[in-house]
Amino acid sequence: MPGHLILVRPHASLLDGPVIARYLHQMGGHCGYLFAVDPDYARHPFWRRALTWYGRVHGHQRMVALDQRSPMALRVILRTLEAGHGVVLFPQGTGISNPERSDLPGAFWLGQKSRCQITEIRLDHSRWTPQVAYQGRDRAPLGGSLKFPQ
């Protein structure tokens, strides 16, 4: 059974990843997701430890460094989805200065290749910390539907 890909938009804050990790953990049952993280943070000595600790505390979430300039980095994510696990991806990539930028092609490729269920989450950045503004299903390539509990 294919995994679950969560696409989060817009990516306009460095707090977006921790907010989503906490949100998934609070919903219950959404643990152990693999978060695609900018390599500058995923490999930095301080941020790697801080993000790893935060992920453990909030649902045993994990991270992988994803360089948007290297399409080969998507293979780890594809294998995770094909193994039936969950992945959180910010399809717009890095560069939080422009929240309205378009998606990079990697998210579409992952959905097509893995045939996983895809859930969209939208964030509201009108407050000091981002808030989940919408969660729902936008695409389910296998014809099924996935619905997060309210």
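FYI, the numbering just counts along the sequence from 1.
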Looking only at heavy atoms, what is the nearest atom pair of [X] and [Y], with distance?
{"X": "Tyr41", "Y": "Trp47", "result": "O-CB, 3.5 Å"}
{"X": "Ser13", "Y": "His125", "result": "CB-CD2, 3.8 Å"}
{"X": "Ala36", "Y": "Ile77", "result": "CB-CD1, 3.9 Å"}
{"X": "Ser114", "Y": "Pro2", "result": "O-CB, 3.6 Å"}

Worksheet entry | N/O donor-acceptor pair under 3.5 Å between Arg56 side chain and Leu51 backbone |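 A pair under 3.5 Å: no.
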
Practice prompt. Look at the side chain of His58 and the backbone N and O of Arg22, then say whether any donor-acceptor pair between them is shorter than 3.5 Å.
Written response: no

Discussion item. Does Arg48 have more than 12 heavy atoms from other residues, nucleotides or ligands lying within 6.0 Å of its CZ?
Written reply: yes

Do [X] and [Y] sit in one hydrophobic cluster, given that two such residues count as connected whenever their side-chain heavy atoms are within less than 4.5 Å of each other, even indirectly?
{"X": "Leu123", "Y": "Leu15", "result": "no"}
{"X": "Val19", "Y": "Tyr134", "result": "no"}
{"X": "Leu78", "Y": "Leu34", "result": "yes"}
{"X": "Met27", "Y": "Val8", "result": "yes"}

Heavy-atom side-chain proximity of [X] to [Y] below 4.5 angstrom:
{"X": "Ser102", "Y": "Gln92", "result": "no"}
{"X": "Ile6", "Y": "Ile118", "result": "no"}
{"X": "Gln61", "Y": "Leu24", "result": "yes"}
{"X": "Ile121", "Y": "Val132", "result": "yes"}
{"X": "Arg62", "Y": "Thr80", "result": "yes"}
{"X": "Val64", "Y": "Phe35", "result": "no"}
{"X": "Leu7", "Y": "Asp103", "result": "no"}
{"X": "Leu81", "Y": "Lys113", "result": "no"}

Practice prompt. Before giving the answer on side chain to side chain contact (heavy atoms under 4.5 Å, CB included), spell out for His4 and Thr119 the whole-Å C-alpha distance, their side-chain angles and the decisive distance to 0.1 Å.
Written response: CA-CA 8 Å; His4 178 205; Thr119 300; 2.8 Å; yes

Spacing of [X] atom [atom1] and [Y] atom [atom2] [to the nearest 0.5 Å]:
{"X": "His25", "Y": "Cys31", "atom1": "NE2", "atom2": "SG", "value": "6.0 Å"}
{"X": "Leu74", "Y": "Leu104", "atom1": "CG", "atom2": "CG", "value": "9.5 Å"}
{"X": "Met63", "Y": "Arg43", "atom1": "CE", "atom2": "CZ", "value": "10.5 Å"}

Item to complete: Would you please name every residue forming a side chain to side chain contact (heavy atoms under 4.5 Å, CB included) with Asp124, sequence neighbours left out?
Response: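 Asp124 satisfies side chain to side chain contact (heavy atoms under 4.5 Å, CB included) with Ser126, Ala133 once adjacent residues are dropped.
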
Worksheet item: Would you say the side chains of Gln131 and Thr129 form a donor-acceptor pair under 3.5 Å?
Response: yes

Discussion item. Under a 3.5 Å threshold, yes or no: a donor from one side chain and an acceptor from the other, between Tyr33 and His60?
Written reply: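 Side-chain D/A pair, Tyr33 to His60: absent.
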
Worksheet entry | Remaining members of hydrophobic cluster (4.5 Å side-chain criterion), Val57 |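 Other cluster members: Trp53, Tyr54.
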
